[in-house]
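One structure is given below, encoded as structure tokens.
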Amino acid sequence: MAERTPPVRPGETLELEVYGLGHAGEGVARYQNFALFIPWALPGDRVRARVTEVKKNFGRAALEAVLTPSPQRVQPRCPVYAECGGCQLQHLDYAAQLAAKREQVQNALARIGGLREVPVHPTLGMADPWRYRNKAQFPIGRQGGRVVAGFFAPGTHRIVDIDDCWIQHPVANRVLREVKRLVVKYGVPVYDEATHTGVLRHVLVRVARSGRDAMAVLVTATPDLPYDHEIAGELMAAIPELVSLWQNINPERTNVVLGEESVHLAGQEGLVDRIGDLEFLISPRSFYQVNPAQTEVLYRKALEYADLRGDEVVVDAYAGIGTISLFLARRARHVFGIEEVPEAVADARANAARNGIGNATFLEGRVEEWLPRLQAEGLRPEVIVFDPPRKGCEPEVLEAAAAMAPRRMVYVSCNPATLARDLGILSRHGYRAVEVQPVDMFPHTHHVEAVARIDRAP
Ligand SMILES: C[S@@+](CC[C@H](N)C(=O)[O-])C[C@H]1O[C@@H](n2cnc3c(N)ncnc32)[C@H](O)[C@@H]1O
């Protein structure tokens, strides 16, 4: 087929009808059947946009003016919404966000997985989709002599200073404001990425579901945090919800937030949270879902899809601190949880003991290694649950899972593209996606979570 010359050039200004949302939350329009991605534009908008980049099959454009707004366009609540990279969809009505997320899952299943027939249910959203996040990671720096902390502006490492983030728990915002105050009071040098100098790099906050207990981590570039006792004392006193305070040392030039070494500064060592009627201990370096209310909704769906009767052996791959594993364990004969982060595995084991659950075994290491090994050793679980990171499962994981011949699989995913790819692979191994339920874990952002029920083909 003859290659087509793109019909647009960088710098050109166009008037466009926006018809869809891209997976980073940008509006999508077509000009002479050529796709253009326009950040901040919405389906239903008529816009004027300036082309900024042209590739072979698509281009990007910057929004210059909304000529006719979409009926679903709303006023964003956040005063720094346009500058901050944290949310992408605050200007879209919440019901429309939920519909767009469902559509993204449907499109990915059809386009990437070749799965057009699989029912995708309407996204399960939140009644009150604000201040839901239980985990904040605020970078801290200096601009024009002023200490700033908040979020990075999109595609940059410029910090947008924030005092009150609308999707964060209020306790996290209070910790942020107090840390900024203490940094100024004690003259703590803040980290400068460009020169790799300074001390304080990030402030992390985790808040337990009740909102009563929180943990903070001060991430430093150096082992020495000046005035650490004073800062710890004042911070704990100012925020009564803070029950645990850590320093984490990350001396590397890296975008990874946490370093290897953590020092306990004050309060208790861990944070304990409840999901449903189970209690979970969470260490600073362990993965933990960020939206507690929706985590319950997600896990309930995963459990429903697992459809356990009580006598099954189950594998929970990518188990984190054992949250899904322990819910499964109460309805199964035995659960094997696999997780690569040692601290998370230690938490998972402690969590099993804490909840009096004796039928869960946690295996430390990579799923890519454990699953083929368990398969070779003859383990034949009735159900396998996957909850991988965004990149999804490696082919050998899906192959080993299929070779174990479980009657069912449940796949929890935070990336519709890799979910679709992996469901496509599983279908070639004789496993059929029966239904998919999107759950809105991240309101006002472009992130999409979904859980799939997969049955062994008869
Ligand atoms: C999306 S989280 C899910 C955790 C847990 N199911 C939950 O709901 O909290 C993915 C987990 O997989 C772990 N992980 C990532 N890659 C892995 C791998 N190749 N093998 C084992 N664990 C892995 C991460 O450390 C993280 O805890």
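Counting starts at 1 for both ligands and their atoms, following the listed order.
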> Could you go step by step and tell me if Glu279 and Arg274 meet the salt bridge (Lys or Arg N to Asp or Glu O under 4.0 Å) rule?
Replying inline: CA-CA 4 Å; Glu279 272 189 7; Arg274 290 189 79 83; 3.1 Å; yes
> atom 6 (N) of ligand 1: which of Val290, Val397, Asp387 has the nearest heavy atom?
Replying inline: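 Answer by nearest heavy atom: Asp387.
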>> On a heavy-atom basis, I'd like to know which of Glu364, Glu339, Glu449, Arg366 is closest to atom 24 (C) of ligand 1.
In response: Glu339
> Ring centres of Tyr81 and Trp40 under 6.0 Å apart?
Replying inline: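 Centroid distance Tyr81-Trp40: below 6.0 Å, so yes.
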>> Taking the six-membered ring for Trp, are Tyr191 and His196 closer than 6.0 Å centroid to centroid?
In response: yes
Would you call [X] and [Y] a salt bridge, taking side-chain N to carboxylate O under 4.0 Å as the test?
X: Glu312; Y: Arg333; result: no
X: Glu382; Y: Arg407; result: no
X: Arg131; Y: Asp164; result: yes

For [X], counting its heavy atoms only, list the atoms of ligand 1 lying under 4.0 Å from any of them.
X: Pro389; answer: 15 (C), 16 (N)
X: Gly365; answer: 20 (N), 21 (C)
X: Val341; answer: 25 (O)
X: Pro388; answer: 1 (C)
X: Thr323; answer: 7 (C), 8 (O), 9 (O)

>> Would Ala317 count as a contact residue for ligand 1, given that I'm defining contact as a non-hydrogen atom of the residue lying under 4.0 Å from a ligand atom?
In response: no
>> With the threshold set at under 4.0 angstrom, would you say Ala344 reaches ligand 1 through any of its heavy atoms?
In response: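 Ala344: no contact with ligand 1 (<4.0 Å).
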>> Applying salt bridge (Lys or Arg N to Asp or Glu O under 4.0 Å) to Lys180 and Asp161, what does each step give before you reach the verdict?
In response: CA-CA 11 Å; Lys180 278 201 255 187; Asp161 195 32; 2.7 Å; yes
>> Just verifying a value: how many Å separate Tyr94 OH and Met126 CE, rounded to the nearest 0.5 Å?
In response: 6.5 Å
Which residue holds the protein heavy atom closest to [atom], what is that atom called, and what is the gap in Å?
atom: atom 16 (N) of ligand 1; value: Glu340 OE2, 3.4 Å
atom: atom 8 (O) of ligand 1; value: Tyr299 OH, 2.5 Å
atom: atom 12 (O) of ligand 1; value: Tyr318 CB, 3.3 Å

> Within 45° of the six-membered ring axis of Phe362 and under 6.0 Å from that ring's centre, is NZ or CZ of Arg349 located there?
Replying inline: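 No, a cation-pi geometry is absent between Arg349 and Phe362.
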>> What verdict does the salt bridge (Lys or Arg N to Asp or Glu O under 4.0 Å) test give for Glu377 and Arg373, after you've listed the backbone C-alpha separation in whole Å, the side-chain angles of each residue and the deciding distance to 0.1 Å?
In response: CA-CA 6 Å; Glu377 285 170 1; Arg373 179 166 151 193; 3.6 Å; yes
>> Below 4.0 Å, non-hydrogen atoms only: which portion of Glu368 touches ligand 1? Side chain, backbone, both or neither.
In response: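 The answer is the side chain.
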> Short N/O distance, under 3.5 Å, between Gln289 and ligand 1?
Replying inline: yes
>> Does any N or O of ligand 1 fall below 3.5 Å from an N or O anywhere on Val367, backbone included?
In response: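 Yes, Val367 has an N/O under 3.5 Å of an N/O on ligand 1.
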